[in-house]
Amino acid sequence: MIEKSITIQLSGGLEARPIAMLVQVASQHESSVYIETGDKKVNAKSIMGMMSLALGSGEAVKVIADGSDENAAMKDIEEYLSGKRQ
């Protein structure tokens with residue numbers, strides 16, 4: 001299991017379309033991927049869970065990946081949240 005703090009650098013934050021894209025990125029991996037902020041921890045592969053976080057640009061979240069391809073999952077999630085991957 002690996003954990004990393006990542007700052008969201010998407011111009012509009014995580015709204016419906018960016019959340020759908022994030023869920024797609026997370027779902028490409030076998031590993032479990034969770035996003036944690038404050039006292040909430042949600043499955044990054046769940047659109048409804050991610051929508052409940054209402055995250056904006058500039059907010060820091062903890063990403064947790066656990067599984068056989070956790071390093072690749074973490075890299076892809078970090079690239080997406082940092083705005084390097086669209």
Side-chain angles (χ1 to χ4, degrees):
M1 179 171 77
I2 55 175
E3 299 179 5
K4 188 169 195 173
S5 179
I6 299 172
T7 300
I8 299 168
Q9 296 176 15
L10 301 171
S11 60
L14 284 178
E15 296 173 345
R17 186 174 174 277
I19 285 175
M21 294 295 294
L22 174 63
V23 168
Q24 283 184 349
V25 171
S27 295
Q28 293 172 356
H29 300 282
E30 288 184 27
S31 296
S32 299
V33 181
Y34 293 93
I35 305 289
E36 191 174 289
T37 180
D39 60 349
K40 286 187 176 181
K41 179 179 177 181
V42 300
N43 184 342
K45 297 179 183 181
S46 165
I47 288 179
M48 294 308 292
M50 290 302 302
M51 295 281 284
S52 73
L53 294 179
L55 297 167
S57 184
E59 289 189 60
V61 296
K62 184 180 357 176
V63 179
I64 303 160
D66 186 22
S68 60
D69 60 352
E70 62 191 26
N71 290 316
M74 182 64 75
K75 178 181 174 284
D76 289 348
I77 297 289
E78 181 176 22
E79 284 180 1
Y80 181 72
L81 292 178
S82 297
K84 297 176 185 169
R85 174 182 180 165
Q86 296 298 321

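A donor-acceptor pair under 3.5 Å links the side-chain atoms of Ser57 to the main chain of Leu10, judged by distance alone.
Minimum interatomic distance between Thr37 and Ala60 (heavy atoms only, all atoms of both residues): OG1-O, 4.1 Å.
With side-chain heavy atoms closer than 4.5 Å counting as contact, directly or through intermediates, the hydrophobic cluster containing Ile64 also holds Met1, Tyr34.
Distance check, rounded to the nearest 0.5 Å: CD of Glu3 to CE of Met74 gives 7.5 Å. Note: Ile35 CD1 to Leu55 CG = 8.0 Å, rounded to the nearest 0.5 Å. Of the inter-residue distances, the one linking Leu81 atom CG with Glu59 atom CD reads 11.5 Å to the nearest 0.5 angstrom. Annotation: the span from Tyr80 atom OH to Ile6 atom CD1 amounts to 13.0 Å, rounded to 0.5 Å. In this structure, CD1 on Ile77 lies 13.0 Å from CD on Glu70, to the nearest 0.5 angstrom.
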**Q.** Evaluation steps, side-chain contact (heavy atoms from CB on, under 4.5 Å), between Val61 and Leu53
**A.** CA-CA 10 Å; Val61 296; Leu53 294 179; 5.9 Å; no
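Residues meeting the side chain to side chain contact (heavy atoms under 4.5 Å, CB included) test with Glu30, sequence neighbours left out: Ser68, Asp69. Here Lys4 pairs with Glu78 under the salt bridge (charged side-chain N to carboxylate O under 4.0 Å, His left out) rule; sequence neighbours left out. Listed by chain and residue number, Lys62 satisfy the salt bridge (charged side-chain N to carboxylate O under 4.0 Å, His left out) test with Glu36 (two or more places apart in sequence, or in another chain). Residues forming a side chain to side chain contact (heavy atoms under 4.5 Å, CB included) with Lys75 (at least two apart in sequence, or on another chain): Glu79. Residues meeting the side chain to side chain donor-acceptor pair (under 3.5 Å) test with Gln9, sequence neighbours left out: none.
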